[in-house]
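Okay, so here's the structure we're looking at.
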Amino acid sequence: MAGTTAQPTSRLRSWWGWGYADAHPDDAECAAMGALLPGTLPRPLPVPHVRDLRIGGPAAEPPASLAHLVTADPAVRAAHAMGKAYRDVVRALRGRPGRIPDLVAHPADEQDVADLLDWAGSRRIAVVPYGGGSSVTGGVEYRGDAHDAVLSLDLTRMGRVLEVDALGRAARIQAGALGPALEAQLRPHGLTLRHFPQSFEFSTLGGWIATRAGGHYATGRTHIDGAVQSLRVVTPAGVSASWRLPASGAGPSPDRLFIGSEGALGVITEAWVRLVARPRHKASASLAFSGFGAALDAVRAVAQSGLRPANCRLLDAGEASLSGVRADGSAVLVLGFESADEPVGGLLERAVALARAHGGRPGTAAGGGTGSGGDAAVAAWRSAFLRMPYLRDGLARMGAVAETFETAATWDGIPALIEAVRSEVGAAAAKATGYPATVNCRLTHVYPDGAAPYFTVLAAGRQGDEAALWDDLKAVANEVLHRHRATITHHHAVGRDHRPGYDLQRPEPFALALRAVKSALDPRGILNPGVLVD
């Protein structure tokens, strides 16, 4: 059964910052936030305008056969110049967004993608695949000067659910489908992909797959990997189309080659993905802990219990306060369960009991009914989670450092890792700025054998040099992660910012094989140069 494309929202996206332009904090709110951090600017930096950028003419012109797919409009090009990381935001605020693509293409189908790659290859034009543009690791920008021109390949016109297999609970979906449009097309079938990253509104199925994105579930199927049934990928060497199967033991998986490839090996054009029935029963609760160590023990007990909560997020005291969840110095565990066919109150009660055995003090649980559920702390966390990227941009306007990074490690190394990141990144920020810094931590995803710590850094900026300051702090963080054998990224991809850490993490024989694959599939080196492999 074929689907139709959901109508996009008419709200204007911000070209320089996160999300919608009308959702950003105003000057007064920015100033109020800045007043809470020492060393910030007396007034916010002005909102940047495309008209103030120096955008020259494109260095390439498409052939007549492709001209209808391509634009050189300065505003469109500026909006595709970078992602939405802190360093992207502050560069835009300072009028230094980096290399602006010469052209932006909006293919309507797979053949358009193939034709655009053929043309780009013949003209030494770098092609940067682009979904929603929400990358926070430099994954959608071009760096360097090795190519004659740069083409941003925007897949969002390819946003349809093409086919739904209700019997097998799967759907064939074009890669450019943004999260809300994808779910809107699945809703009439009573099904959902149930993949809700923080960037859900502003990211695409193809982007999730290309970056191995983490989503809604804090346990179990935490990454998009487990939802992928088969892929179609256009490469300069041809189209890779894997079989749609529930499972296979036939050698290395072709899909695994492209999941996480970040557009460096090919352009994902569509995927069959596994769906689930829409949940009708939900229950959630929060628990407070006097000590973060006891809270870690509680989370590990829940993760190893086999209960598989949909939500199992642990906030340290700083993160709980920043989110408006709790301000008394307690760490807070947010738990949630959901099901399509049976009440989940009993599961929640068992998880709460495990947490209480480690010193957790429960709040008000939301029963096992059919509502959205949750106590006040759960609601506060959810609201802060969605609002936080906008507030980050407001702090950036005040000249502050406000950014995050994440990792994952086994349970035996988690306490020492968290302590090292807090102390060493905090000390580096204080030394660089002369002001104390705050480094908070939360666990976003948990497993029986480990967890994914997610860090928030708040510090004074180095006025006019904010991006370089963050690069310096990120280098310190990356060194700590490598020393503790924690991954360079749990779900935000490698991009260009994480390349040094990724190069250290991956085994050299694998790097050798990856370089060979890159050479075979992209012999002219046009696909997202600088990502994953040179």
Side-chain angles (χ1 to χ4, degrees), residues 8-9 11-24 48 50 53 55 70-93 96-107 113 126-143 150-159 174-182 195 197-213 224 262-264 267-269 389-390 392-393 396 403-404 467 491-498 527-531:
T9 178
R11 294 177 71 184
L12 181 66
R13 289 279 302 275
S14 171
W15 77 269
W16 63 272
W18 184 262
Y20 296 116
D22 60 6
H24 280 266
V50 172
L53 301 177
I55 303 177
V70 178
T71 180
D73 179 87
V76 177
R77 291 165 60 192
H80 286 75
M82 56 190 180
K84 301 301 182 184
Y86 168 80
R87 71 186 315 275
D88 301 325
V89 170
V90 295
R91 285 186 298 160
L93 288 170
R96 302 190 293 265
R99 173 69 182 266
I100 293 174
D102 297 276
L103 299 166
V104 177
H106 293 88
V113 174
V127 178
V128 180
Y130 190 101
S134 62
S135 169
V136 291
T137 60
V140 294
E141 67 178 84
Y142 179 84
R143 297 178 188 173
V150 178
L151 173 72
S152 178
L153 188 66
D154 187 317
L155 276 294
T156 52
R157 280 185 65 189
M158 299 171 60
Q174 290 181 308
L178 289 158
L182 182 157
H195 184 82
Q198 191 175 40
S199 63
F200 172 73
E201 287 183 280
F202 313 111
S203 53
T204 63
L205 174 64
W208 300 340
I209 296 170
T211 60
R212 298 187 69 186
I224 194 66
E262 302 190 33
V267 180
I268 298 168
T269 56
Y390 293 103
R392 178 207 65 177
D393 291 357
E403 186 57 306
T404 62
H491 59 263
H492 276 160
V494 175
R496 292 164 178 82
D497 296 344
H498 288 162
L527 284 174
N528 219 3
V531 167

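Considering all non-hydrogen atoms of both residues, V76 and H80 come closest at O-ND1, 2.8 Å. Here the closest heavy-atom approach between residue V113 and residue L155 is recorded as CG2-CD1, 4.1 Å. Nearest heavy atom pair, residue A72 against residue L103, reads CB-CD2, 3.8 Å. Of all the heavy atoms in D393 and W18, the pair that sits closest is OD2-N, 2.7 Å. Residues V128 and G139 come closest through the heavy atom pair CG1-O, 4.3 Å. Nearest heavy-atom pair, V50 versus A75, reported as atom, atom and distance to 0.1 Å: CG1-CA, 3.8 Å.
A donor-acceptor pair under 3.5 Å is absent between the side-chain atoms of H106 and the main chain of T156, judged by distance alone. Remark: the backbone N or O of P101 is paired with a side-chain donor or acceptor of R77 at under 3.5 angstrom. The backbone N or O of G19 lies less than 3.5 Å from no partner atom in the side chain of R11, so there is not a single donor-acceptor pair.
In this structure, the side chains of S135 and Y130 stay at 4.5 Å or more apart for every pair of heavy atoms. Side-chain contact between V89 and W16 is present, with at least one heavy-atom pair separated by less than 4.5 Å. Counting heavy atoms from C-beta on, the side chains of K84 and P389 never come closer than 4.5 Å. Between V267 and L153, the closest side-chain pair of non-hydrogen atoms falls below 4.5 Å.
Ion pairing between a basic and an acidic side chain is recognised when a charged N comes within 4.0 Å of a carboxylate O; E141 and R91 show such pairing.
Annotation: side-chain contact (heavy atoms from CB on, under 4.5 Å) contacts of A79 (sequence neighbours excluded): W15. T137 is linked by a side chain to side chain donor-acceptor pair (under 3.5 Å) to nothing, counting only residues two or more places apart in sequence or in another chain. Take V531 and apply the side-chain contact (heavy atoms from CB on, under 4.5 Å) test, not counting sequence neighbours, and it matches E262, A264, R496, N528.
Using a 30° and 60° split on the angle between ring planes, W208 and H195 fall in the tilted class, from 30° to 60°.
Within the model, atoms OG1 of T204 and CG of L182 stand 9.5 Å from one another, a figure rounded to the nearest 0.5 Å. The distance from the CD1 atom of I55 to the CD1 atom of I100 is 4.0 Å, given to the nearest 0.5 Å. Between M82 atom CE and R96 atom CZ the span is 11.5 Å, to the nearest 0.5 Å. Note that CG of D497 and NE2 of H492 are 12.0 Å apart. Values are rounded to the nearest 0.5 Å. Between the CG atom of L93 and the OH atom of Y86 there is a distance of 9.0 Å, given to the nearest 0.5 Å.
Taking the six-membered ring for Trp, Y390 and Y20 have ring centres at least 6.0 Å apart.
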